[in-house]
Number of protein chains: 4
Amino acid sequence: MVVILRNNTEEKKKEQLIHWLRKQGVEVHTSVGQYQTILGLVGDTSRIDAELVASLEHVEAVHRVSAPYMYGNRKFHPDDTEISFGEGSIGGGHFAMMAGPGSVESEELLLETAHAVKAAGASLLRCVIKKSYSPYSQNGESIHVGRLVDRVHRETGLAVVGEIDSLMHLDEFEAFDVLQVSARNMQNYELLRALGKQERPIILKRGHSASLQEHLVSAEHILTGGNGKVILCERGMRCFDEQNRCTLDLAGAVLLREMSHLPVMIDVSQTGFSRTVEPMALSAAACGADGICVEVHPDPMSAHFDAAQSIRPEAFAALCRKVEKIREVIA
Amino acid sequence: MVVILRNNTEEKKKEQLIHWLRKQGVEVHTSVGQYQTILGLVGDTSRIDAELVASLEHVEAVHRVSAPYMYGNRKFHPDDTEISFGEGSIGGGHFAMMAGPGSVESEELLLETAHAVKAAGASLLRCVIKKSYSPYSQNGESIHVGRLVDRVHRETGLAVVGEIDSLMHLDEFEAFDVLQVSARNMQNYELLRALGKQERPIILKRGHSASLQEHLVSAEHILTGGNGKVILCERGMRCFDEQNRCTLDLAGAVLLREMSHLPVMIDVSQTGFSRTVEPMALSAAACGADGICVEVHPDPMSAHFDAAQSIRPEAFAALCRKVEKIREVIA
Amino acid sequence: MVVILRNNTEEKKKEQLIHWLRKQGVEVHTSVGQYQTILGLVGDTSRIDAELVASLEHVEAVHRVSAPYMYGNRKFHPDDTEISFGEGSIGGGHFAMMAGPGSVESEELLLETAHAVKAAGASLLRCVIKKSYSPYSQNGESIHVGRLVDRVHRETGLAVVGEIDSLMHLDEFEAFDVLQVSARNMQNYELLRALGKQERPIILKRGHSASLQEHLVSAEHILTGGNGKVILCERGMRCFDEQNRCTLDLAGAVLLREMSHLPVMIDVSQTGFSRTVEPMALSAAACGADGICVEVHPDPMSAHFDAAQSIRPEAFAALCRKVEKIREVIA
Amino acid sequence: MVVILRNNTEEKKKEQLIHWLRKQGVEVHTSVGQYQTILGLVGDTSRIDAELVASLEHVEAVHRVSAPYMYGNRKFHPDDTEISFGEGSIGGGHFAMMAGPGSVESEELLLETAHAVKAAGASLLRCVIKKSYSPYSQNGESIHVGRLVDRVHRETGLAVVGEIDSLMHLDEFEAFDVLQVSARNMQNYELLRALGKQERPIILKRGHSASLQEHLVSAEHILTGGNGKVILCERGMRCFDEQNRCTLDLAGAVLLREMSHLPVMIDVSQTGFSRTVEPMALSAAACGADGICVEVHPDPMSAHFDAAQSIRPEAFAALCRKVEKIREVIA
């Protein structure tokens with residue numbers, strides 16, 4: 001950490017600050033310039049609140065020179081992490097295609113989708129049972145999840161991904177192979193810590209306006225608990241354009257793979273238009289993502305949720321063939 | 001809802017769409033122009049998924065002409081809602097000042113702060129016991145919340161505000177007069193619905209990148225449950241400036257008070273600098289907010305959390321005097 | 001245009017408004033609902049100021065149902081526009097690769113780069129002579145532009161692109177085959193109108209925080225002058241992430257190609273890191289862009305400008321080979 | 001400047017870099033830590049391209065420890081700058097109210113407005129003759145600017161502010177007392193440098209998505225030319241909310257006054273709604289701005305430009321009275 005003092009700081013104030021910093025357990029190196037004094041802090045600065053220091057009267061600025069995440073940091077773990085599930089895996093050169101309806105409406109529809117996406121090349125089935133987001137509507141008929149996941153396993157061998165949005169429901173998710181944390185929950189630290197005790201892979205989506213660093217700090221909450229199987233998922237940031245308010249940050253995904261050894265998946269169905277799904281999936285493959293997630297529905301017009309952004313199984317199959325060829329190009 | 005069709009839409013396709021729309025229970029009025037056909041939908045369009053319709057092949061655009069929130073909509077409830085707690089109230093001309101430490105570190109420190117902010121004019125005490133946001137640190141000593149709130153009530157008469165971040169902890173919050181939902185939880189619908197069953201006032205913070213409309217839709221999840229005591233709280237949006245990445249949307253607060261009859265409070269301590277707290281509090285008062293929330297700490301340098309953005313009790317007292325005078329100016 | 005009136009609007013006020021709207025030369029159709037009255041405006045609404053109408057006391061909202069751009073609108077010109085220059089062309093299935101240094105430092109360096117990028121497959125040479133952006137520095141030695149462009153033509157046959165940032169310099173740009181307008185000048189309407197009188201193709205970059213619609217309105221200023229050769233260029237939007245503040249909006253480029261018949265090029269060198277250039281170029285090709293622009297420099301370490309985001313000629317050649325293969329995949 | 005090297009950097013590479021840095025004329029201090037080596041650069045680092053250094057293979061990060069602006073930096077000029085014009089001044093405790101129509105439609109209308117705003121307390125008259133922003137419309141009748149400004153001077157004594165958007169028109173602006181640069185031109189460096197040769201005060205608006213630092217760097221282009229009379233003007237940033245896409249950054253204005261000794265004015269008419277003008281003006285006064293700019297029009301309904309955001313002279317007079325009282329509160 002580097003602390004820059006204002007040029008008019010009294011000697012006494014400077015010494016008080018240095019004394020206080022040393023009490024926090026770090027070494028302090030001082031370099032005096034014409035317009036400012038720079039304090040270089042060496043040692044474990046992770047316990048020092050950079051914002052607190054920055055707010056002090058005589059401090060002009062504070063720069064962290066080391067990243068606030070460790071377990072997910074490629075600096076300390078240079079090799080790619082590979083994460084396995086069912087018959088597939090992701091990371092370390094392994095590519096995973098995940099697909100499924102925006103929300104599971106019935107057992108039959110999910111199975112139909114599962115067979116179709118398996119045939120097209122998916123190794124992960126999205127199996128999200130969305131509660132309504134409308135404040136006025138009731139939830140639909142209940143679905144027996146254990147039986148459902150069991151059928152998918154038996155009939156297709158696909159690994160099944162559920163989306164958990166509250167610690168309260170953790171036991172209902174026993175049957176799933178992989179758990180997904182939505183963008184809205186990226187900073188639900190209590191949930192993340194509980195998932196750190198799980199042995200299953202966790203797909204952690206990036207929040208709508210989270211920085212890459214914040215995404216990695218959230219991953220850290222899972223990793224420090226002992227669960228190293230975190231898959232980072234880029235899904236688009238909130239932007240100012242009315243036409244296209246959720247913007248996929250593909251260069252961010254490239255940087256994320258550089259900052260971290262964890263696999264990076266890209267969810268291409270959140271821009272809100274089914275007609276941008278294929279181009280974005282191909283772009284995601286082209287920039288080197290470790291996996292792609294696509295919403296697929298046999299009959300989007302009849303779907304309850306996210307219909308606007310779902311594509312049909314045939315379109316998904318065509319997309320998969322192109323993604324595979326693009327992966328060959330960049331190999 | 002207004003649906004605009006592309007100009008080359010075949011008559012048959014158009015009729016299919018109109019037929020489908022009517023099946024959703026709405027009347028459809030058609031106006032044919034040179035380059036496009038406009039369908040006007042009249043009736044209860046709240047069940048129609050605008051994005052699904054927008055994604056159809058022959059649809060160029062869809063505009064909702066009515067807002068997707070009802071209970072909180074000033075159109076249906078023209079008069080300001082006033083919400084009472086302890087000895088104070090907010091809305092309908094009543095102004096509330098809320099203050100307290102970023103996080104409660106000890107019983108004594110909270111009581112010291114409570115007495116100070118009460119004397120300065122606050123009617124709500126912020127009493128948030130923050131769990132650490134660092135993935136590496138442990139939580140501190142536990143605090144007996146029931147006893148704490150009880151002491152505050154007995155010694156100061158202040159209403160006490162707790163921040164609930166998970167449905168799992170609802171019973172630990174029994175002692176509090178008011179519950180606050182953080183920006184990170186603005187779309188935790190399960191939590192919001194449970195709060196709709198409460199009788200206590202709820203302070204609902206706006207998410208870091210939530211639109212005003214999304215804020216009001218979140219409020220709707222509480223209101224539809226039967227709890228009409230929702231206080232909307234603006235606390236700053238994520239922006240691109242490195243210097244000042246959390247930008248208070250004061251014009252947004254003005255528009256929010258126009259869109260809704262619910263009281264609007266402004267949390268001025270989230271810009272991250274103690275030195276912007278007073279100017280922002282005065283700006284918040286000047287634009288007509290119904291309440292202001294400020295982080296106050298007797299000794300910011302020793303605080304564990306959010307120290308950078310806390311001000312001392314004396315500074316808070318000075319701020320309150322100015323806020324009061326500004327309220328007289330705009331009365 | 002659709003105008004929604006508040007539900008408590010007096011009959012008289014409503015009639016005054018309708019009268020005023022008719023005076024602006026449009027037909028007004030009225031539909032009365034329970035909570036609001038909807039006025040449908042038919043005719044040439046392009047002269048009506050939607051924001052003015054929206055600000056009237058009794059108006060709740062205004063929606064434009066037709067786009068505020070016409071010449072560039074695919075609705076009126078369904079077929080792709082193809083634009084030719086030198087030995088190449090862009091749009092209508094033709095793909096163009098543009099490359100060159102961030103800024104021309106010397107004649108020799110530009111020629112060296114020109115030969116290299118021509119060999120790799122480029123048809124457009126970026127030939128931008130940047131004035132310093134530092135307020136303290138002087139501009140370097142002057143370069144004889146006419147002779148320079150002439151040499152490029154003679155030796156390589158590449159079409160040469162210059163960046164014009166002020167109408168005052170238009171005559172200095174005579175030698176160039178194509179003129180480029182930077183993001184900073186996207187709304188310099190005076191310049192755009194002058195370019196509408198040119199016969200050369202114009203590359204119009206999207207502003208840092210311009211919407212797709214604003215980009216197309218800017219193009220309209222050129223198109224209405226009679227110059228139909230506008231190439232739209234996506235180059236990244238300002239975002240909140242410190243790591244990656246300029247985010248390429250690839251889904252936006254897909255939508256832009258749907259909204260307009262004009263070719264869409266993607267400048268992949270503005271994220272600020274040379275190591276994101278290739279992944280972003282491949283992503284741009286994969287999503288169906290009509291062209292790509294890359295900053296190439298024989299010796300980035302010695303470059304004065306934008307060195308951080310330039311790649312070497314060999315890296316560009318490798319990139320071109322991959323782009324070509326990706327174009328085959330999506331064909 | 002602080003340069004952080006990756007932990008696996010070979011000694012030889014490190015020495016090469018240090019050698020190269022020294023050749024740029026700075027001293028280099030090295031501190032070796034466990035995971036990284038930190039190079040502290042002392043001396044004139046303004047010539048070193050931080051992004052170039054950051055892009056080098058062995059460099060992990062670069063932090064500038066001094067701000068890239070000097071003349072406008074409060075560090076070197078601790079006292080407020082006061083700028084005078086006509087009968088008023090701004091900065092150093094002096095407050096200026098600027099008002100006038102969005103665009104001058106006729107001489108009579110401007111004079112009517114001038115008398116009204118003078119009476120209400122304005123010292124600066126906004127006198128902007130907007131060219132149409134529509135690509136289809138023609139400009140209106142021409143107005144004789146010299147005669148107009150002369151009449152304003154003679155009849156009201158107000159200083160008159162013109163908006164210059166191109167160096168080409170500089171001689172047409174001779175009559176004006178103050179020149180204003182719009183947000184769209186904040187980075188038109190050629191224009192800024194020409195204004196650095198002027199003796200008149202310059203109002204420099206912040207770009208729609210410019211950081212505070214970029215705003216100050218733009219000011220530097222004027223200041224280095226010798227014109228120290230720069231008034232910084234906050235006018236709102238582009239944000240994601242459809243309701244309110246231009247968000248005033250008032251905390252940013254507070255920080256700007258801390259970063260720089262130049263006066264900071266706030267234009268409160270850019271949120272697009274006349275009904276947010278007064279609340280935002282009062283907020284601007286409350287946070288300590290040195291001046292406020294308001295669009296005033298005797299008959300907004302008949303105005304050609306920006307009518308939606310103009311207020312009537314009586315509303316302006318009421319606003320001025322409240323602003324004055326708020327200035328007393330914060331004095």
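Below, read A as the first sequence line, B as the second, and so on, with proteins coming before strands; counting in each chain starts at 1.
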What part of Val254(B) lies closer than 4.5 angstrom to a heavy atom of chain D: side chain, backbone, both or neither?
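Only the side chain of Val254(B) comes within 4.5 Å of chain D.
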
Name the region of Glu258(D), side chain, backbone, both or neither, that has any atom closer than 4.5 Å to a heavy atom of chain B.
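Only the side chain of Glu258(D) comes within 4.5 Å of chain B.
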
Most heavy-atom pairs under 4.5 angstrom with chain B, which of [options]?
{"options": "Glu278(D), Glu328(D), Met259(D), Arg321(D)", "answer": "Met259(D)"}
{"options": "Ser283(D), Pro279(D), Ala253(D)", "answer": "Ser283(D)"}
{"options": "Val329(D), Asp249(D), Leu282(D)", "answer": "Val329(D)"}
{"options": "Lys322(D), Lys325(D), Arg275(D), Gln213(D)", "answer": "Arg275(D)"}

Which word best sums up how the rings of His261(B) and His77(B) line up, parallel for under 30°, tilted for 30 to 60°, or perpendicular for over 60°?
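Rings of His261(B) and His77(B): tilted, 30 to 60°.
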
Return yes if some donor-acceptor pair links the side-chain N/O of Glu234(B) with the main-chain N/O of Ile266(B) below 3.5 Å, else return no.
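Flag not set: sc Glu234(B) to bb Ile266(B) has no pair under 3.5 Å.
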
Which one wins on heavy-atom pair count under 4.5 Å against chain D: Ile326(B), Val268(B), Leu248(B)?
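Of the options given, most contacts go to Ile326(B).
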
Choice from Ala210(B), Ala285(B), Gly236(B) maximising heavy atom contacts with chain D below 4.5 Å
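The residue among Ala210(B), Ala285(B), Gly236(B) with the greatest pair count is Ala210(B).
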
Output the distance between atom [atom1] ([X]) and atom [atom2] ([Y]), rounded to the nearest 0.5 Å.
{"X": "Ile90(D)", "Y": "Asp290(D)", "atom1": "CD1", "atom2": "CG", "result": "5.5 Å"}
{"X": "Ser218(D)", "Y": "Gln187(D)", "atom1": "OG", "atom2": "CD", "result": "5.0 Å"}
{"X": "Met70(B)", "Y": "Glu220(B)", "atom1": "CE", "atom2": "CD", "result": "6.5 Å"}

Do Arg235(B) and Cys246(B) come close enough that some side-chain heavy atom pair is under 4.5 Å?
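In contact.
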
